[in-house]
Every structure is written in structure tokens, then in C-alpha cells.
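Encoded as C-alpha cells, the structure appears first; notes follow it.
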Amino acid sequence: MAFRASSYSRYTGVKSKRPAWVPVMFSTWGRGWKSKWVRRITTMSLLLAIALTLLLYALNVAIPDWRTIAQSLGEMGVAGDRSFQITNATYLGLLNLYIHPFLLPLSLLFGYDLIAGDLRTNALEAYFARPLTPWGYLFGRTAAYAGFLLAVTLAPMLWIWLFDVSTGPDGHFHDVARVPFGMTAAMTLVALTMSLLIQAITAITRSGLWTNLVLLVVFFFSGGMGTILTEVTDNPEMGAIAFWNDIYVVSAGFMGVDHEISTRLPSFGLALTVLLAICGGSLLVLTRALHKRTLVG
Amino acid sequence: MTSSPAIRCVGLSRWYGEVQGLAGLDISIDSGVIGLLGPNGSGKSTLMRMLTGQIRPSRGFVELFGVRMGPDSHDTFRRVGYSPGEDVHFENERGIDFLKLLAGLQGEGGPAAIKRAEEALQKVSMSEYAGKKMSAMSKGMRQRIKVAQALLFEPELLLLDEPLNGMDPVSRRSLIDLVRNHATIGGTVLLASHVLHEVESVTNRVILLHHGRLLAEGRLGEIRELIGRKPRRVRLIGTSLRSIAGDVLSKELATGVSFEDTGALLIETRQLNELLLHLSDIGTKGGIQQFDVEDENLEAIFNLLVGDFSE
Amino acid sequence: MSETKPVLDLDALTVRYGSFQALTGITATFQGGSLALLGPNGAGKSTMLRSILGLVPPASGQALLFGKDTSQKSATLRGRIGYMPERDCWVGGMSGVAGLAHLAEVCGFPREDAMLRAHDLLHFVGLGEERYRDVSSFSVGMRQRYKLASALVHDPDVLFLDEPTNGLDPRGRAYMLDAIDRIRQEHGVHIILASHLLPDVERLCDQVWVLNRGHLKAADSVANLTAAARGAKRVRLAARDDVAAFSEQARSAGIQVEPGKHDDELLLTNPDGVIESEQVFALAAQSKISLSGLQPAARSLEDAFLEALADTTF
Amino acid sequence: MKTPLSVMRQFALRQNLLSVKALPVFGIALFPSLMAFAFRVFKDAGLHSRFDFYGEYLAPIFLYLVLPFFCMTAILPLMHSLYDKGAIGYLVTRPTPRWVILLGLYQGALLAMIPALLLAVITPLLLLSIGDTSGALGGDSASTGAWFQRAIGLFGVLFMGSAAYSAVCLFLGAWSKKAAIWGFGLLIGWGATIGSVPGLLQPTSPHRYLFGLLREWCGIKEAWTGFFAPDLDPPGVVLSIVVLISATALFLWMAWRASRSRDIL
């Protein structure tokens, strides 16, 4: 017979050499995944990818040479000067389809209470009294955050691309060769910007609710101002004030699509600068906030 | 005009949704220091907040000095000083500004308010930190500021919710002195605290709440007598304990005796006074080095009562 | 644990926040066991704990924990420390047990071991039933127990406790003290306790450092500090007896009488020597009263503490 | 009641003006200046166009975006900090009626808004009106007097709006824990949106009357240019003022009622 009272015991196992930020990363996923809407949007995003591949598959089976038909229809000018060809630009549209309904709401839902929650419960005091440094904490959080956003949005898109290329005719690969690099670069930058920006805002407001409101204000103000100023000044560079313009221009640039489609958009360089500036500023705010909490030299 | 009691609660009850905060409390307090005791979540803070009209009773009512308390009973607060149990303060306020503000709400402005604030700070030995922001203070300092704001106008009734929590021993001692002095000049203090030995050192009158109900009220001795169901135990250390054990058993002063591992003798009795008299008598012949009656102090009574009723 | 190095060795440790000197040249050694840091608010206790954790760099001097400098490689050293802060703190957004396991993982525990230990510890601190609840729904007492479990979850060699019984009701306090005492006695975990509640200190600690305004005022063992005043006795009189008559009787026998902590308690001292128990009983018999308690009058830690701070003004 | 009221006023002023809470308010106040600056730098079509820009683009922006966020950031955090952990308990356990406390907070917060409002109105004015006037088309519409009339009118409208919407926020702060969500819904939804979209509900929204005042006081005759919401039957000055003042009084009264019935936990 064994008897075991609930008592304290010393640990005899072997501790692993894994860096301290790794569990932080895993726990971040766990926390984000707890939100019902995060799960819903993730499912929607994956379903969209599956639906699109199924559509492609059905087309391939039903009309094996649909690509040439579509191309010749385009050349005949059925739909104006548009071409019915799958090119980098098609993927730019797809990218926008993923950024706006999926990536932006996801980053809000996933991140709005991460640091604010930790500040509220003084979790940082528990963390930093352990073998975890503020940098490790920040790295674990951001890596998990950006990683999750990429997994949910970039992965389905690459899957579609892979399917498209593997079923397409011989020359097709060249039309869409820039896609993987472009999408990865654009999405990574956007995900990183969003995760740092939200974390910085939550570190300042210390409340999930206020984080969301501040972000809405930033979006409203920047969007409204960008549009108005572009209109009244006739200077497309003014559009850089609007966050979503920057995202679009930068993705287009990375995908190698001529973004002069619309002349009312800011230039690639300016848009990239704005996004990088947001990243840098957020990082500055975050390190200051964490420094204040821990007094680490 | 008949003088009304400082505090009177009649059938005072409060529910938070389906959670019971306080149920059917009837008490009346005149003057002196009364310790408000009870385990965490027993309804002490709920009572304190209802006494100050911050939350409305679900049933029953509170009267302070004969005035029924509610959201419009502000005039009564001239006679009341209240220090909340939570560690709350205004953001970005310095200690002196905080006190000045509250003095101003009592109708005192300008230099008079500053003087009053400084006097209150003096009383809690915080003059040196007057200009410090409250968020930058340690918990103990904020506690002292909280007590200072309750003392601003030297009110007749002091309602102090866990004021000792987080204070260092020096401040504790001076606060205890302050409370004692307030009672000696005729004031009333309701002192809620978990630190029983401190409460015991200022008063033996207590109100004990448990699960939102009044468990006991009155002087410690009386409460102990009322409990009376359990035999009392006397613990002796000395040299001739075995003969003493035989002696008290043969004289039927004890219902049982036992020896602890340390060699101390435990005598159980239902006739404590007779036993004590007898022991004092034997003691003159030597053999008893020290002895003590158990369950005599507040902590023992607290555990006895709360333990009895919670299991 | 076969540590030959002292647990804590401070060598002229000085810590500054800007121009404010929080700790001034503190030199002291704690060989092991249990140590209490005493001092009024703002004495530097928290700063000392933080600098040992390596969170605040020393302006000069150094702090050695198990013989290693805490300002270097502090992250690995922190793995051996269990810190229970004064404020509520927990990792939110998950159940109590998951948060605890997560903290163990941060300290390098494999996932399975971390979970196992988190469950065991929550049972140990008496939160077994509440394991799967969110910590934000815990009461003050439960949070305090949870903090102790968090401090222990990575099996530290030394435990820093900052006001562990703050806000606890008497039974919660007894439970907490008992748990800490068992960890110390049965498992050889060293304790460093910062507290304002001197009875807790007397219960748990064998050594005391008294700090005031960043200076070390006294460093001694509790036994030495509370050594009994020679021959003095604490006497309690049965409730309805006449205290005045007894005092009178005692004074005429050349014994000094002072009021004790309670109404019915007296403190007897004989300036010329020891008071025997028999003598006290005799006095009681002469004044026809019965005693309800008789004990040697130990000096309380509170007296010792106030004395150590005596040369400072408030 | 003079001392308690002025003491509360000073407290609210101190809280809102001399702390980090002032930063978001001044941040929002700088948005119009930023727009004016950009307009000046990138498209300077002369004084007249700048005058139109100030009246027909900036002024509506003030009402749509600046005003609602101004009131929310000035009042809601202040009320939240008082109610969240129960610090307001210190105030309501003093011999002061609750309406004095609330009115003092309201007045102080409103006073603290004035510097930011002035900054928001005057800086764009200076940025637009000073300097190169070579492209001026002349005419009295862009004279110094017209500029000032427009600025003072705008300030007046904004102040009336702040008074009304701050009272709304005061009520929400005293009434609900989720005041931020309610505030967003009421001020942006009911205020800015419903108030500028023609429909059944439009006359209930304070924004309609603010736009009415803006037309009259800023001398913007043409109701269809820029960002002005079309209103076939714009309300007159008297009606607008009466409606706005009654709304302010109503919400102040509701705040008082709410503060009496809310438990401080």
C-alpha cells in the first residue's frame, strides 16, 4: 500500500537548456488561441484557401485549357483591356484579400490584451524574477505573434500559389515567380509592424479596451487625413499618412507589381519608411516601458 | 434630544447578485474602540462601505448618529472619518495635495486647508514625505496617508478598514496609540483588522463576522464564557508535575490530565477559577515554574468560533 | 544541499536610484537557514531583494549569492531563487495550474515535469480544488497562497518572501507560516523574509538584519535579540481580581511592576536579582488573588527592533 | 458650496492638464495643424483656397473627429480612474453633495480642454493665414476679419459641443464600467454619424445643431461643399443653442442620478 500526502518535494529531474523565451512563445499562442474570434477567423482563412484550390482544381478538370481560353478572351478585349491571366497582380489582390479581412482583425484580437494583461496582473514581476530577460520576453511575444499571423495568412496563400504553379502550363511559373518572396516579405513586414504597434499601445494604455479604441482612432484619423489631404493637395505622397495605403504600396512593391495602377498612392520608398518608422517607434516605446517595470540597467 | 448611538445597523443585508455579502446584521455601537474581525470575505468591507453610504443595502438600513445613511447623507460625514481597506489613491497626486483636496471638500480652503493637511500628516509622522507622489510611496506610507485623511477634522467616529495592513512596526505602534487616545477622549473607533494581537492591545470589545453573519459581539471574556461548552486547558511547566496531576485529579478539579512530549502538564478543567485558586496555593511551595491558561487570547477565541462554525 | 559558500554575502553593497542612495555600503553575511529583513517603510528591504535578484545593478560593492556575483549572469542565478513579491502577481489568461506550470517552464523545466509539479504545489498550498480556476477570481488569501506556489514551482534553493502574510486572516496566516516552516525544516530551503509582522519573524527566522534608510543597523540572531531580561516574570491575573492590591504588595517587596500588553497582565522585574516563581505565588496569596498565568518575560522582537532604530528620528 | 466646487474643479484641472493624460488630448489637437501644414506645403493655391480649406474641410473634421475623441479622452479616463478601484470613495464620504463633486469634475475637465481647443483652432489659422499672400484673389471673404470670425466661430461651436458631449461622457463614466465602448458608440455613432446623415434620427443628434451653428457662425454659406453634411432645413442659431444647452443640462442631471444609484465597489 502506498501513502502519499500532499507535501512539498525537491525536484530531482534534469532541467533543459532551452532558452527562457521559448515557453513564453508557446504560452502566447495558447492565450491568443483562447479567443473565440481568433479561432473563427483562422478557420475562415484556411477555408478560403481550400475553396480557392478546389475552384482551381474544378476548372482544371472541367475545362483543361481554361488558361488559354481566358487569355485569348482577354486579348479579344471582352472585358476591356484586362487580361484574364494569373500574374503577380492577381496575387496582390489575393494578398489584400488576406490582409484586410484576416490579418488586421486577427492582430487586434490576438494582441490587444497581451502586455496590458501582464501589466494588470504584475506578471512581469514574476517573469523577470526568473531566468527571463525583458528582451527575451519581448522576443518570445513578438515571434509568437508575428509567427501566428503568418501561419494563418501567408501559409494558405503559398499553398494556393503552389497549387497554381503545379497545375499551370510550362511558362506560367515565370509569370508568378516573384510571388513567394514578395508575399513573404510583405506579410512579414505587416505582421511585425502590427504586432509591435499593438504591443506598444497596450503597454501605454494598460487596458485591452483602450488599446482597441486607440487603434481605431489611429485608423480613423490616419485614413481620413490621408484621403482628404490627397484630394485637396493632389499630392499622392500625402496618402502615406493612411496606414492601409502603406501596406498596399509596400506589398505591391515587394510583389513587383506596378503600383502606378492608381496614381493616388504614395511611393514605395515613403510607404516603407512609414512602416519601418512605426516598427522602430513601437520598439522604442516597448523597451522603455519594460525598462521602467524592471529597472534593468 | 436623546443621543443616538454612533452606529446602528438594523437587519442590514447585501447581496451581490447571488453572492451574499452581509445578512441580517443588527448592531449598535456607542463609544470606545471596537474591533471588527472576521476571515477574508466575511463581509467586513461590505459593512464598512454600507456604513459610509457607498453601497446601498439590499435590505435593512444603517444609522450613524441617528441619521439614515444613503447617497445623500453627506452632512453626517462631518462627524465621520473613513479609511478604506483597498490600497487606492488618486493618480499623480502628491500626499499634501490629496489631503488639501479632501479638506477643501469639507469647506476649508486656502492656507487653512494646508495647515490642516500638515497637522494630519504630522499625526502619522509623514510630514517629511508630504511632497511625494502617492503612487511612488510604499504601501505602508500610503496607509498612513489614508489614516491622515480620516483624521483631518478630528471626527467623532473613525471607521478604519485594515489600517495596519502593510505598516511597519513603528507606525503600527503609533497608530494603535492614536486609536487608544481617540477613545479616551470619548470618540468611537471601528477598527477592522486581521492582526489580532494588535487589536487585542487596544480593545477587548469585538464584533466577529463570518460568512456575512454576525458570529459574536461583546467583550472577549463574555464571549469566552458564552462559548463555555469546551473544557478549559491549563498548561504547566515545573518540577513536581506528577504530584500536582494526582492532586488536582483527586480533588476533582480536573476532568483529565496529560503530559506533552516536552514534559509539560496539561490539565483540562470545567472549574477554571477553583483550579487557578488551588494552583496559586500550591505554587507557594515551589514546583511550578510557569503556567498559562489556553484559549484566553483573541486569536484562540477567533479560531474557536470560526473553526466551530465553518466546518 | 552541500553548499560550503554562504548563501548570501554582501560586500559594501551600495545601490543608487539616480541621486537617491537606497542602500549604503552594506556588508553582512548570511550563512544559511532563515533570515529576516526588518526595517520601517523605505528602509531598503525591497531594493536589497531586487539587487540580489540582479534586477538592480549595484553602484559599488557586490552581492554574492552562493558565492556568485549577482550582477553577472544573474539570469541563471535567478533560477535558484524563489521570489514571492509583496504585490499580487500571476500570469493571466490561463488557469491557475497552467500559469504555474508556465512559470516552471520559463525556468527550464520540461513540460511534463512542470505540469506535475504545478499540480503538486497547488495541493501543497491548499488550492487543489481551485487549480483550474482563473487566478483573477481568487480571493486575497488564495492569491497569497498562489504566490507562494509560484515562488516554489521551480524548486529554488533560497526563497525570498516579501510580506507573505499581508492581508491574510488568522487562519490563513497560520497555514502560510506552517507551510514556509516545513519547507525550511524538511527540505533545507533557505529563507529570506521581509516582514512587518514581528510575530511571523519570531516564528520563522533565526537571524535578523535590521535596516533603516539604507544602512544596516543590526545583524544578529533572534535568540540573542530576544534574550530574556534577567529573572523578569510576566504575570496574568484572573479577570475579576484586584490588580492594584497585587501591585502594591509586589512593590513593597522591592519588585518593579509595569503594565503588560493586556489589561490583566503585569511585568515584574527585580532590580537586585531573580524573581522566583514561589515568590510570585506568595505575593498572590498575600493579596488574596489567583493567578491565571506566570511566565518568564522574554524581550519581544518588537522591543529589540525599536531599540535598534532608536538612534534615528521619525 | 463655493470651496468644494472650486476644489473639485482644481483637482480635475490638475488631473487632466498636469499629467500624462494631457498628452492624448494635445495629440488630437495637433491633427488639424498637421493637415493645415500639409496643405500649405503641398498645395498652396493662394490665400482664398486656404480660407476655404479652413472653413469647408478643417471645420467639419473638427466636428467629426476631433470633438468626439477630445471629450472621450478628457472625461472617460478621469472617471475611470476614480471609479475603477473605488478612489471616488474618498470624495463621496465627505460632507459634500455628490452633484458638487460631479459638477466640479465636469467644469475642471472642460476648463482643461480650453487650451487644447485654442491650440487646435489657432495653430491651423496661423499656418494658413500668415505668410505669402501672392496668390490671394482678394475680396473681403479672406480679410483678416473674416479669418478671425471663422476662428472664433469655430471655437464657439467646439466649446458648445465639448460642453454637451463632455456631459454625455460624464454620465457614461458615472453610470457604466464599460464607458469607453458606450462613449464610442454614442459619440461617433449617434453624434457624428447620425447627426450628419439625413434621416428620422438626425434631429435627435447634437451634431446637427453643431453643424447649424457652424454654418451661421463661421459664415459658411454654401452647405454642399467640402465635408459638410447636406441638411435641407438647417436649424437656426437660437434653436441650436437651446437644444445644446438643454442636452448638456439633461446629461448632467442623468450623471447625478447615476452617481447616486451606482455602488462604489
Side-chain angles (χ1 to χ4, degrees), chain B residues 37-42 125 128-129 137-141 143-144 162 164-174 194-197 200-201 204 221 234 237-238 272-293 296-299 302-303 306-307 310, chain C residues 38-43 45-46 86-87 139-142 144 163 165-174 195-199 233-234 236-241 261-264 276-286 288-296 301-302 305-306 309 313-314:
Chain B
L37 315 175
N40 289 329
S42 58
S125 322
E128 193 186 338
Y129 304 104
M137 289 179 183
S138 71
K139 187 170 180 185
M141 292 182 186
Q143 289 286 35
R144 274 141 78 183
E162 296 284 353
L164 298 166
N165 204 341
M167 275 196 187
D168 62 55
V170 184
S171 328
R172 271 167 204 271
R173 201 170 257 200
S174 68
H194 281 320
V195 192
L196 298 184
H197 68 274
E200 202 174 7
S201 67
N204 57 10
V234 181
I237 299 173
L272 183 66
N273 291 323
E274 287 80 356
L275 179 70
L276 288 179
L277 211 58
H278 185 64
L279 285 180
S280 299
D281 213 30
I282 321 176
T284 50
K285 296 182 207 104
I288 304 177
Q289 279 155 7
Q290 30 177 305
F291 79 101
D292 206 4
V293 183
E296 194 66 22
N297 63 6
L298 182 53
E299 182 141 3
F302 181 92
N303 285 333
V306 171
S310 66
Chain C
L38 301 183
N41 297 128
K45 294 176 306 231
S46 299
E86 186 180 359
R87 293 186 299 179
S139 68
V140 183
M142 288 157 73
Q144 210 76 337
E163 303 282 352
T165 58
N166 219 347
L168 288 179
D169 61 26
R171 290 203 304 172
R173 193 165 139 232
S195 180
H196 288 319
L197 288 170
L198 298 176
K233 287 273 190 282
R234 230 158 28 95
R236 286 190 92 151
L237 308 177
R240 55 187 74 73
D241 286 327
K261 264 191 177 174
H262 307 281
D263 297 352
D264 56 352
E276 297 296 342
S277 302
E278 293 88 335
Q279 195 185 354
V280 181
F281 281 117
L283 287 170
Q286 282 162 25
K288 299 196 175 52
I289 63 161
S290 58
L291 302 180
S292 68
L294 174 67
Q295 269 164 354
L301 193 56
E302 189 174 344
F305 171 74
L306 293 171
L309 298 177
T313 49
F314 285 95

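Every chain is numbered from 1 and lettered A, B, ... according to where its sequence line falls, protein lines coming before strand lines.
For C/A282, the parts sitting under 4.5 Å from any heavy atom of chain B are the backbone and the side chain alike. Only the side chain of B/V195 comes within less than 4.5 Å of a heavy atom in chain C; its backbone stays farther off. Proximity to chain C is absent for every atom of B/M137, based on heavy atoms less than 4.5 angstrom apart. Of the atoms belonging to C/E86, it is side-chain heavy atoms, and not backbone ones, that fall under 4.5 Å from chain B.
Options C/G167, C/G141, C/S46, C/A285 differ in how many heavy-atom pairs under 4.5 Å they form with chain B, and the most are formed by C/G167. Taking chain C as the reference chain and counting heavy-atom pairs below 4.5 Å, the highest number among B/G140, B/S42, B/P169 is found for B/P169. Highest contact tally toward chain C, considering only B/G38, B/S171, B/S138, B/G238, is held by B/S138 [criterion: heavy-atom pairs under 4.5 Å].
Of the listed residues (B/R144, B/Q143, B/K139), just one forms a side chain to side chain contact (heavy atoms under 4.5 Å, CB included) with C/N41, and that residue is B/R144.
Applying the side-chain contact (heavy atoms from CB on, under 4.5 Å) test to B/S280 and every residue at least two apart in sequence or in another chain returns C/F281, C/S290, C/L291. Taking the side-chain contact (heavy atoms from CB on, under 4.5 Å) definition, one finds that B/L196 meets it with B/L37, B/L298, B/E299, B/F302, C/P170, sequence neighbours left out.
Between the CD atom in C/Q144 and the CG atom in B/N40 there is a gap of 9.5 Å [rounded to 0.5 Å]. In this structure, OG1 in B/T284 is found 12.5 Å from CD in C/Q279, a value given to the nearest 0.5 Å. Here the CZ atom belonging to B/R172 is positioned 4.5 Å from the CG atom belonging to C/L197, to the nearest 0.5 angstrom. Here C/H196 contributes atom NE2 and B/L164 contributes atom CG; the two are 11.5 Å apart, rounded to the nearest 0.5 Å.
Between C/P199 and B/H197, the shortest heavy-atom distance links the atoms CG-CE1, 3.3 Å.
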